Number of protein chains: 2
Amino acid sequence: MNQLSTKEKIIAQSLLMFNQKGVENITTRHIAKELGISQGNLHYHYPNKNEILELLFSNMIEAFKKAESLKSRALSPENIFYSMRSNFKIMHDYRVFFQQNTVIWRRLPALKTKLQALLNQKKEEIILLVNAYKREGKFRTDISDTQIEFLADQFIFTIATWLCAKDYSLEDHSIDYYSKFLFRIWMPYLQQNEMEKWEGYLKLA
Amino acid sequence: MNQLSTKEKIIAQSLLMFNQKGVENITTRHIAKELGISQGNLHYHYPNKNEILELLFSNMIEAFKKAESLKSRALSPENIFYSMRSNFKIMHDYRVFFQQNTVIWRRLPALKTKLQALLNQKKEEIILLVNAYKREGKFRTDISDTQIEFLADQFIFTIATWLCAKDYSLEDHSIDYYSKFLFRIWMPYLQQNEMEKWEGYLKLA
DNA sequence: GTCTATACAGCGATAGAC
DNA sequence: GTCTATCGCTGTATAGAC
């Protein structure tokens with residue numbers, strides 16, 4: 001971290017501290033002190049706290065864009081799981097935006113819209129995945145279409161909120177735990193042989 | 001609201017404002033001003049903001065205790081749904097504790113433990129429900145026991161986080177929406193005839 | 001119980017020297 | 001770029017009069 005510019009150091013340290021102690025508790029003074037620079041210096045690089053948050057947010061969006069997309073790959077459990085897990089990893093890196101969503105959105109309402117757009121985009125991806133599974137006859141036939149469409153809602157619900165849930169659990173659950181949690185959701189929708197395939201994969205992963 | 005004592009008015013108004021604008025944005029000044037009393041007066045009744053939060057929290061716990069429990073009733077879709085829905089109603093009344101959990105817990109770590117205990121208790125109830133359904137052969141037989149046990153985790157996950165999820169969705173989803181969401185989760189676990197029974201009930205509810 | 005007045009700390013943000 | 005110094009505001013909390 002020492003070869004970073006001051007501007008970069010500030011961003012990195014801010015994310016660290018926001019994640020750990022919350023936006024409302026971390027001030028520009030705290031960040032500056034932790035880095036051993038003056039508050040005036042910090043304000044030279046970022047005129048205010050909101051601007052730090054905005055930059056962090058767009059860094060997160062960038063990270064999502066760079067991450068592996070499902071679209072270009074075969075729909076094996078490995079690929080699907082890996083793709084979701086990499087999304088969870090990014091979310092965890094920027095967890096302040098998901099654990100303190102209401103706080104952030106009140107400060108910066110524009111970020112709410114952007115995050116909703118991101119989730120909508122993820123939902124589209126998931127719907128494509130569900131449709132592909134449906135086309136290939138991998139879902140049980142005795143489940144109604146509305147129920148299968150609901151599966152996408154459940155996925156998005158879980159993706160949006162797992163970092164909140166994490167704080168409720170008594171044990172310290174990891175990214176892996178919630179990645180698997182996500183796919184346990186859709187197990188009962190699958191045909192017997194597909195279910196076993198996934199069960200086998202999740203045990204190993 | 002006018003026949004309430006000042007002390008009660010403060011509590012009611014605080015909950016209203018915390019729910020609406022967040023704990024971090026509402027100060028004792030705001031609450032006092034909204035009620036048309038002085039800040040000094042407010043501090044006569046409640047020495048500080050945390051004490052208001054603590055009282056609100058124990059009011060919520062009281063509400064949960066008074067609410068209908070599943071235990072004493074027949075396990076019809078009507079009763080199960082109604083019981084869950086009444087829990088959701090209380091959660092919604094005190095949504096600040098679920099939408100700003102991290103903020104609250106950093107202020108008052110003891111509340112985290114208490115909320116975890118509450119959720120654990122709810123989980124016990126749900127496990128009883130699941131076991132009863134299992135005993136009566138209402139679940140599909142081709143679903144593994146670990147997967148059925150997971151159902152309880154899914155329920156608790158959803159209960160703990162639906163108020164966070166609510167803020168992500170573009171439409172303004174209600175308590176009813178999420179009550180139904182909850183039971184759509186367990187539909188694919190059910191035998192055909194049970195599934196249809198629930199499907200029929202959820203359409204009407 | 002309720003008021004006014006005030007102490008005090010911490011915040012974001014700016015100005016100006018180096 | 002980085003520093004020190006400082007302003008203005010807002011927050012919690014207390015003191016003392018009525």
Side-chain angles (χ1 to χ4, degrees), chain A residues 1-57 96-97 100 102-111, chain B residues 1-57 96-97 100 102-111:
Chain A
M1 184 145 135
N2 267 333
Q3 57 253 48
L4 295 177
S5 69
T6 304
K7 193 160 178 166
E8 290 168 324
K9 274 192 218 169
I10 293 169
I11 271 291
Q13 185 66 27
S14 298
L15 181 56
L16 222 67
M17 295 177 85
F18 287 152
N19 276 341
Q20 204 170 69
K21 306 213 170 167
V23 215
E24 81 284 13
N25 296 314
I26 295 300
T27 69
T28 50
R29 273 184 168 78
H30 291 133
I31 300 164
K33 192 174 179 187
E34 197 65 31
L35 286 172
I37 64 171
S38 70
Q39 197 201 355
N41 190 1
L42 188 144
H43 274 94
Y44 166 78
H45 292 289
Y46 300 96
N48 56 55
K49 203 166 125 177
N50 280 350
E51 219 141 303
I52 298 180
L53 282 169
E54 280 174 349
L55 180 54
L56 281 173
F57 189 85
V96 61
F97 292 116
Q100 300 211 281
T102 57
V103 180
I104 304 262
W105 295 342
R106 275 181 202 118
R107 289 185 75 104
L108 296 160
L111 296 195
Chain B
M1 183 144 138
N2 267 334
Q3 58 253 44
L4 295 178
S5 68
T6 305
K7 193 162 176 162
E8 291 168 324
K9 275 193 217 166
I10 293 169
I11 272 289
Q13 186 65 30
S14 300
L15 181 56
L16 222 66
M17 295 176 84
F18 288 153
N19 276 341
Q20 205 171 69
K21 306 213 170 169
V23 216
E24 82 284 11
N25 296 314
I26 295 300
T27 70
T28 51
R29 268 184 171 81
H30 292 133
I31 300 165
K33 190 174 181 186
E34 197 64 29
L35 286 171
I37 65 171
S38 70
Q39 198 201 352
N41 190 1
L42 187 143
H43 274 94
Y44 166 77
H45 292 288
Y46 300 96
N48 55 56
K49 203 165 123 179
N50 280 350
E51 219 141 303
I52 299 181
L53 282 169
E54 278 174 351
L55 182 53
L56 281 173
F57 188 86
V96 60
F97 292 117
Q100 300 210 283
T102 56
V103 180
I104 305 262
W105 294 345
R106 275 183 203 118
R107 290 185 76 103
L108 296 160
L111 296 195

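Values below: every heavy atom of this structure, side chains too, minus hydrogens, waters and symmetry copies. Keep in mind that what you see is a predicted model, and the values were worked out from it rather than measured.
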C:dC3, C:dG1, D:dG1: which one has an atom nearest the side-chain heavy atoms of B:Ser38?
C:dC3
Any non-hydrogen side-chain atom of [X] less than 4.5 Å from a side-chain atom of [Y]?
X: A:Thr102; Y: A:Arg106; result: yes
X: B:Leu16; Y: B:Gln13; result: yes
X: A:Phe57; Y: A:Leu108; result: no
X: A:Phe18; Y: A:Ile31; result: yes
X: A:Ile37; Y: A:Ile10; result: yes

What's the [atom1]-[atom2] distance between [X] and [N], to the nearest Å?
X: B:Leu42; N: D:dG11; atom1: CG; atom2: C1'; answer: 13 Å
X: B:Lys33; N: D:dG11; atom1: NZ; atom2: P; answer: 11 Å
X: B:Ile37; N: D:dC18; atom1: CD1; atom2: P; answer: 21 Å

Can a side chain N or O of A:Tyr44 be found less than 4.0 Å away from OP1 or OP2 on D:dT2?
no
Taking only N and O in the side chain of A:Asn41, is any of them less than 4.0 Å away from OP1 or OP2 of D:dC3?
yes
Report, one pair per line, the protein and nucleotides 11-13 of chain C atoms (nitrogen or oxygen only) whose separation is under 3.5 Å.
unit_1 : atom_1 : unit_2  : atom_2 : d
C:dG12 : OP2    : A:Thr28 : N      : 3.1
C:dG12 : OP2    : A:Thr28 : OG1    : 3.1
C:dG12 : N7     : A:Arg29 : NH1    : 2.9
C:dG12 : O6     : A:Arg29 : NH2    : 3.4
C:dA13 : OP2    : A:Lys49 : N      : 3.4
C:dA13 : N7     : A:Gln39 : NE2    : 3.4
C:dA13 : N6     : A:Gln39 : OE1    : 3.1

For A:Gln20, does the CD atom sit with more than 12 other heavy atoms under 6.0 Å from it, leaving out its own atoms?
no
